[in-house]
Amino acid sequence: MSRFKIGDRVTVRDIPPLFHTRTQGYTRGRTGTVVALRPEWVIPEDEAWGRYEGRREPFYIVRFNQRDLWPDYGGAALDTLETEFSERWLEPAS
Amino acid sequence: MATRATSSSSTYAALMECVRSHAPASHAVANLPLTISQTRAEALLHVVHDVGGQPDGPIDKTLHKPAHWEKSTHCTAECLAWRGHWVSEERRRRENDLGETLYFGTPYYARWLLAATKMLLDKGLVTPDELLAKMEEIRAREEIAA
Amino acid sequence: MSSTTHDDHAHPHPHPHAPIEEKGEAAEFAILEAAIRELSIAKGLFSAEDHRRFMEWYDKVGPTGGARMVARAWVDPAFKQRLLADGVTACKEIGVDWLQPTGSGTPSDYTYLITCENTPKVHNVIVCTLCSCYPRPLLGLSPAWYERPTYRRRVVRWPRQVLAEFGTIIPPDVEVRVHDSNQKTRYIVLPMRPAGTEGWSEEKLATIVTRDTMIGVALPSADWTVSSTPTHG
């Protein structure tokens, strides 16, 4: 079962990267909105280290306002960025 | 414990400047520093492929016609995945493991090639002796052909 | 210490020495590539036939599948709805099967497709900051600039400047939406059908859908095809 639903505000957990990651540094600690639910897949943290049949989790596409990602964002206020996270990376926005 | 630089968007932007300072056009030779600042340690441990948001110059739109070895590397990497010897996420992790000099300093498919080679060695699918002997054989063959 | 003169210290090698000369393409990677391929085949890790099939695939893929997909979506609203709902399934209708021959080989690369529809209010652009994920079954192999770090570094933070370098100016009242492809999903941009193409056939429409318009760094135009040559008129 997916923990989050479309429209939920979520914050990306700031787990230190250790040699490899699929969660971009620029998203860590940032808050956005879930815009799409993706099927369960093996998490990249397992696949990257050879556990091909590793833990499976739901994935989510999260939309961020660019101004919440970059303090000096120079484009329009309505500009956004979307990227994807496995469930372990997200927590409800406080 | 020091706060990590990802904790706010402004400190993250500063970290990106520091990460970029590791790869200037030319830089001093590294010499096993005796101490290191937290900021520099974080910048060095920042995963090499995570480049989004780093300052850079104009985009070089030069196109590249792949050499035979580049094309063949792509296909070998895919065949190794197709037959269950690795997956693409493992390949990407192994590209990062090559380190910054090789990651940024070689053509795109050289990263795939070096990652595939080390995977074969790490898993014992090929031994270093076999690889060296095969490379010698190919070198000799190519010289005769030339 | 000065690096330009050697007068101030004892030096073990004679002067002056010529700078290291770099010429020609490295043979090293070609030798290593042949070595691991031949060893892999000899040990049965994969077959020569497997490799040949992928080499054929590599030569065959290009942006024509994507162009067909966009043109079909422009003329067939029901196809467009199927495409937006389930990209991988809808692609079979235009002869692109994401699950063959490479699907079993690289499930991480070829699993899901999301089509990002441009509208008068939203302009989409795709990137993969962490590597170079790209919708290869529809667009072929990515252009070098898509793989190299400069585009990956900048487009997520300065998208409008990057688009401007490709000659694409997006009005400030249109949202620029960057899609950073970082997991299993692949993305492609469905551009808006340009003015002046009314009544065109699907085949003719496909000729103006270029690779860059499906990455999102360019916009299609009725007077521009992949084989056009710029003229001054």
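Numbers restart at 1 for each chain; the letters A, B, ... are given by sequence-line order, proteins then strands.
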Original post:
Looking at A:T83, A:T80, A:L81, which hits side chain to side chain contact (heavy atoms under 4.5 Å, CB included) with C:V178?
Top reply: A:L81
Original post:
Quick one: does C:R177's side chain get under 4.5 Å of A:E82's, heavy atoms only?
Top reply: yes
Subject >> Smallest separation among heavy atoms of C:D173 and A:L78, with atom names >> reply: O-CD2, 3.9 Å
**OP:** Could you look at C:V174 and say if it's the side chain, the backbone, both or neither that has a heavy atom under 4.5 Å from chain A?
**Re:** backbone
Original post:
Measuring heavy-atom distances to chain C, does A:F85 have an atom under 4.5 Å in its side chain, in its backbone, in both, or in neither?
Top reply: backbone
Original post:
Given that the side chain runs from C-beta out, which part of C:R157 has a heavy atom under 4.5 Å from chain A: side chain, backbone, both or neither?
Top reply: both
Subject >> Per-residue contact mode, A:Q66 against chain C (heavy atom under 4.5 angstrom) >> reply: side chain
Subject >> Euclidean distance, C:Y187 OH relative to A:I61 CD1, rounded to 0.5 Å >> reply: 3.5 Å
**OP:** Could you pull out the closest heavy-atom pair between A:A76 and C:P172, with the gap in Å?
**Re:** CB-O, 3.4 Å
Subject >> Heavy-atom neighbours of A:R9 CZ exceed 12 at 6.0 Å >> reply: yes
**OP:** Flag yes if more than 12 heavy atoms outside C:R193 fall under 6.0 Å of its CZ atom; otherwise flag no.
**Re:** yes
Subject >> Side chain / backbone / both / neither for C:I170 at chain A, heavy atoms under 4.5 Å >> reply: neither
**OP:** Could you tell me whether A:E40 and C:K184 make a salt bridge, using a distance below 4.0 angstrom between a side-chain N and a carboxylate O?
**Re:** no
**OP:** Drop me the distance from C:N182's CG to A:F59's CZ, to the nearest 0.5 angstrom.
**Re:** 9.0 Å
**OP:** Would you name the heavy atoms of A:W70 and C:V156 that are closest together and state the gap between them?
**Re:** NE1-O, 3.2 Å
Original post:
Is A:R38 positioned over the aromatic face of C:Y112, cation under 6.0 angstrom from the ring centre and no more than 45 degrees off axis?
Top reply: yes
Original post:
Should the heavy atoms of other residues, nucleotides or ligands under 6.0 Å from CD of C:E198 be counted, would the total exceed 12?
Top reply: yes
Subject >> A:R22 versus chain C, the contacting section by heavy-atom distance below 4.5 Å >> reply: both
Original post:
Looking only at heavy atoms, what is the nearest atom pair of A:S86 and C:Q183, with distance?
Top reply: N-NE2, 4.4 Å
**OP:** Identify the residues of residues 61-80 of chain C whose heavy atoms come closer than 4.5 Å to a heavy atom of chain A, ordered by number, or report 'none'.
**Re:** none
**OP:** Evaluate the criterion side chain to side chain contact (heavy atoms under 4.5 Å, CB included) for residue pair A:F64 and C:D180; output intermediate values, then yes/no.
**Re:** CA-CA 11 Å; A:F64 299 91; C:D180 189 353; over 6 Å; no
**OP:** Check side chain to side chain donor-acceptor pair (under 3.5 Å) between A:Y73 and all other residues, then give those that pass, not counting sequence neighbours.
**Re:** A:D79
